[in-house]
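Values below: all heavy atoms of this structure, side chains included; hydrogens, waters and symmetry mates excluded. For this chain, numbers begin at 1 and follow the sequence in order. Just follow the structure's listing: the first ligand is 1, and inside any ligand the first atom is 1.
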Amino acid sequence: MFVQNFMKPKIVILSGAGISAESGLKTFRDSGGLWEEHSIMEVATPEAWKSNPELVLKFYNERRKQMLKAEPNAAHTALVELENHFSATIITQNVDDLHERAGFKNVLHLHGELLKVRSERYPSLVYDIQKEEIFLGDTCEKGFQLRPHIVWFGEEVPMIVPAMELVAQADILIVVGTSLNVYPAAGLLYHAPYECRKFLVDPADNLTGKVYNLEQLKMPATEGIPLLVSRLIAEYPADENN
Ligand code: APR
C-alpha cells in the first residue's frame, strides 16, 4: 500500500541582529561595526576583558538595559505562530531575549545571552540575572569574578555542534537578519541538506546566486517573516491526525 508521507517539515531558523533591528536594537553592521562607539576589540574579546574589565562590564550592562527597553516585533511574533504549526527551532546569534519574550520555546543561543552571567574561573557556573548590572567584585559562589555569558570574538562557540546537527536535519531553513560575516555561525548554512528549501529574509543581497534552492524575500523581517510564515502554514495545512 502506498502511504504518502504527510510528516510536517522540520524547520530551522538562523537569526541575526537584523531581526531585532526593528525593535530598536542596532545591528552590528549598520552601526559601522561599532557598538555605542566602541570597537569590538575594546569590549568583546578576552584581551579587552583582561585589560579593562570595568569597560567591558559597563558595555554589557548598557546593552542589557537597552534590550530590556526593547519589545519583540512582528517578526518575532510570527515565528511563534510558525512554532505552533511545525517542529521549529531557532538558532540565534543574538544575545537579546526577544525571541523568548515573544513566546518562542526552542531557542539555541550561539553567542550567549545578555540575561546570563558566569564565573570567570568555572564556566559551568552560569547565573540568570534580570535587571541587575554586574560590577567588578561581584563573584560566583566560589568567590571568582562574574563575567558576561557572551561568546567573545576569538572564543570557542560551544553550541556550534548541536546547531550543525539541527541544520543538517532541516527540511526548511529560514535565514533572517544576518550578514553571515561571522564564523562559525555563518558556515551553518552549508550544513543544510542540498534539497533543503532555504529562505533568506533580509533587505540586503547577501546570498543570491551563492546557495542552491534559496529564495530571498528582499524586505525587512517584520514584512518578510509574517509573509513567509503564512505561506508555509497554507502549504502544509494541519490535518486532523497530527
Ligand atoms: N530586517 C531584516 N534584516 C535586516 C534588517 C531588517 N529590518 N535590518 C538589517 N538587516 C540585515 C542586514 O542587511 C545584515 O545582513 O541584518 C544583517 C545584520 O548583520 P550584522 O549587523 O553583521 O549582524 P549579525 O550577522 O547578526 O552579526 C553576527 O557578529 O555582531 C557580531 O557577535 C555579533 O552575533 C553577532 C555576529
Side-chain angles (χ1 to χ4, degrees), residues 13-49 56 59-60 62-64 66-67 70-79 90-99 102 107-116 147-160 163 167 173-190 198-211 214-229:
I13 300 105
L14 174 60
S15 71
I19 198 169
S20 301
E22 290 161 276
S23 294
L25 298 181
K26 267 186 270 174
T27 68
F28 180 68
R29 191 163 98 151
D30 301 348
S31 41
L34 288 180
W35 281 318
E36 318 311 325
E37 288 69 52
H38 293 297
S39 88
I40 54 167
M41 302 314 283
E42 284 177 280
V43 289
T45 62
E47 295 71 23
W49 175 247
V56 174
F59 172 74
Y60 284 97
E62 284 308 312
R63 288 187 71 196
R64 190 175 307 111
Q66 233 185 36
M67 173 194 83
E71 289 299 324
N73 61 49
H76 298 104
T77 318
L79 288 177
I90 291 178
I91 298 169
T92 187
Q93 299 168 84
N94 299 339
V95 293
D96 64 53
D97 68 334
L98 294 177
H99 284 306
V107 182
L108 185 157
H109 283 270
L110 274 183
H111 293 166
E113 298 176 62
L114 279 171
L115 289 183
K116 290 193 166 87
R147 57 158 277 182
H149 185 52
I150 299 283
V151 177
W152 285 326
F153 288 88
E155 290 189 315
E156 291 288 304
V157 181
M159 297 305 284
I160 194 66
V167 172
L173 177 67
I174 300 171
V175 179
V176 49
T178 173
S179 60
L180 293 170
N181 273 339
V182 174
Y183 283 80
L188 281 173
L189 182 62
Y190 305 102
K198 303 167 195 79
F199 296 94
L200 172 67
V201 179
D202 191 321
D205 230 350
N206 299 332
L207 283 173
T208 14
K210 290 186 206 149
V211 180
L214 177 123
E215 177 190 341
Q216 175 160 6
L217 288 85
K218 212 164 148 56
M219 57 189 83
T222 51
E223 281 166 46
I225 293 290
L227 205 63
L228 181 55
V229 167

contact_flag D202 ligand 1 heavy-atom lt 4.0 Å: yes
Ligand-side contact atoms (ligand 1) for residue partner [X], heavy atom cut-off under 4.0 Å:
{"X": "E22", "result": "1 (N), 6 (C), 7 (N)"}
{"X": "A204", "result": "13 (O)"}
{"X": "F153", "result": "31 (C), 32 (O)"}
{"X": "T178", "result": "15 (O), 16 (O), 17 (C), 24 (P), 25 (O)"}

Aromatic ring pairing Y60/W152, orientation class (parallel under 30°, perpendicular over 60°, tilted between): tilted
Looking at non-hydrogen atoms alone, which of [options] comes nearest to [atom]?
{"atom": "atom 17 (C) of ligand 1", "options": "G177, A17, S15", "answer": "G177"}
{"atom": "atom 6 (C) of ligand 1", "options": "G224, G18, G112, S23", "answer": "G18"}
{"atom": "atom 1 (N) of ligand 1", "options": "A44, A221, S179", "answer": "A221"}
{"atom": "atom 3 (N) of ligand 1", "options": "A21, P203, G16, S20", "answer": "P203"}

Side chain, backbone, both or neither: V182 near ligand 1, heavy atoms under 4.0 Å: side chain
Donor-acceptor under 3.5 Å (E42 side chain, S39 main chain): yes
Under the side-chain contact (heavy atoms from CB on, under 4.5 Å) test, residues paired with K218 that sit two or more places apart: D205, Q216
Heavy atom of the protein closest to atom 35 (C) of ligand 1 (residue, atom name, distance): H111 ND1, 3.9 Å
Contacts of type side-chain hydrogen bond (donor to acceptor under 3.5 Å, both in side chains), residue D97, not counting sequence neighbours: R101
Working for side chain to side chain donor-acceptor pair (under 3.5 Å), residues N73 and T222: CA-CA 7 Å; N73 61 49; T222 51; 6.0 Å; no
